[in-house]
Amino acid sequence: MGLRTALSVRYAQGDLHIVDSFKDIESERDLIPLFEKRGWTNAVLVDSQSNSKLHHAAAEMNKVDVLYSIVLNVYSILLRKKVILTLDAVRTLEERL
């Protein structure tokens with residue numbers, strides 16, 4: 001129930017965003033322009049499956065975490081201002097919740 005509430009609050013605040021996927025992310029150079037264009041800072045990126053390139057790209061960025069929908073938790077949502085989910089992560093969370 002806490003996870004639903006945390007996601008609902010981020011949505012109501014306009015801080016929950018959905019993207020198609022992170023498959024095009026190869027390095028930090030791909031991630032930084034996306035964040036700057038959208039005005040995203042202090043974010044948790046949520047994908048449905050392991051993506052080592054995304055993990056590596058986000059590792060060098062301040063205040064950016066990468067999680068998978070199966071391990072997404074309330075603390076991670078509250079720790080970061082923005083929550084960015086892929087469509088696959090949304091589907092996985094719908095099944096989970």
Side-chain angles (χ1 to χ4, degrees):
M1 189 61 153
L3 189 58
R4 284 184 189 182
T5 303
L7 288 169
S8 295
V9 167
R10 286 292 184 236
Y11 177 76
Q13 293 171 332
D15 292 329
L16 180 98
H17 305 277
I18 300 173
V19 296
D20 287 333
S21 72
F22 292 120
K23 292 179 183 174
D24 297 335
I25 303 297
E26 296 289 327
S27 70
E28 182 182 2
R29 289 178 294 190
D30 299 327
L31 203 54
I32 289 174
L34 175 66
F35 271 56
E36 288 176 353
K37 180 180 177 183
R38 307 273 174 121
W40 294 341
T41 58
N42 196 4
V44 59
L45 309 176
V46 184
D47 204 349
S48 63
Q49 57 190 351
S50 179
N51 184 338
S52 61
K53 291 180 182 178
L54 179 63
H55 247 295
H56 182 68
E60 298 299 320
M61 297 180 70
N62 250 353
K63 298 183 180 180
V64 176
D65 298 325
V66 177
L67 293 176
Y68 309 109
S69 52
I70 195 73
V71 296
L72 183 64
N73 57 65
V74 174
Y75 177 75
S76 299
I77 293 171
L78 297 177
L79 181 65
R80 301 292 176 213
K81 177 134 176 73
K82 304 284 185 186
V83 178
I84 296 107
L85 303 164
T86 63
L87 285 174
D88 288 339
V90 171
R91 289 184 193 106
T92 304
L93 284 169
E94 285 177 338
E95 292 172 8
R96 179 178 166 194
L97 301 175

When you group the ILVMFWY residues by side-chain heavy-atom contacts below 4.5 Å and let the links chain together, are [Y] and [X] in the same group?
X: Val64; Y: Leu67; value: no
X: Leu7; Y: Ile18; value: yes
X: Leu34; Y: Leu85; value: no
X: Val90; Y: Val71; value: yes
X: Val46; Y: Leu16; value: yes

Could you give the distance from [atom1] ([X]) to [atom2] ([Y]), rounded to the nearest 0.5 Å?
X: Lys23; Y: Leu54; atom1: NZ; atom2: CG; answer: 12.5 Å
X: His56; Y: Lys53; atom1: NE2; atom2: NZ; answer: 11.0 Å
X: Leu45; Y: Thr86; atom1: CG; atom2: OG1; answer: 10.0 Å
X: Lys82; Y: Thr41; atom1: NZ; atom2: OG1; answer: 7.0 Å
X: Gln49; Y: Ser21; atom1: CD; atom2: OG; answer: 9.5 Å
X: Ile70; Y: Glu95; atom1: CD1; atom2: CD; answer: 9.5 Å

Nearest non-hydrogen partners of [X] and [Y], listed with the distance:
X: Arg80; Y: Val44; result: CB-N, 3.8 Å
X: Leu31; Y: Met61; result: CD2-SD, 3.5 Å
X: Ala58; Y: Val66; result: CB-CG2, 3.5 Å
X: Ser48; Y: Thr92; result: CB-OG1, 3.6 Å
X: Leu3; Y: Val74; result: N-CG2, 3.5 Å
X: Asp15; Y: Lys81; result: OD2-NZ, 3.0 Å

N/O donor-acceptor pair under 3.5 Å between Ser76 side chain and Leu72 backbone: no
Geometric class of the Trp40/His17 ring pair [parallel <30°, tilted 30-60°, perpendicular >60°]: tilted
Residues that Arg10 engages under side-chain hydrogen bond (donor to acceptor under 3.5 Å, both in side chains), provided they are two or more places apart: Gln13
side-chain hydrogen bond (donor to acceptor under 3.5 Å, both in side chains) partners for His55, two or more places apart: Tyr68
Stepwise side-chain contact (heavy atoms from CB on, under 4.5 Å) test for Val19 and Ile84: CA-CA 7 Å; Val19 296; Ile84 296 107; 4.0 Å; yes
Arg96 CZ: over 12 foreign heavy atoms closer than 6.0 Å: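 Correct, the count exceeds 12.
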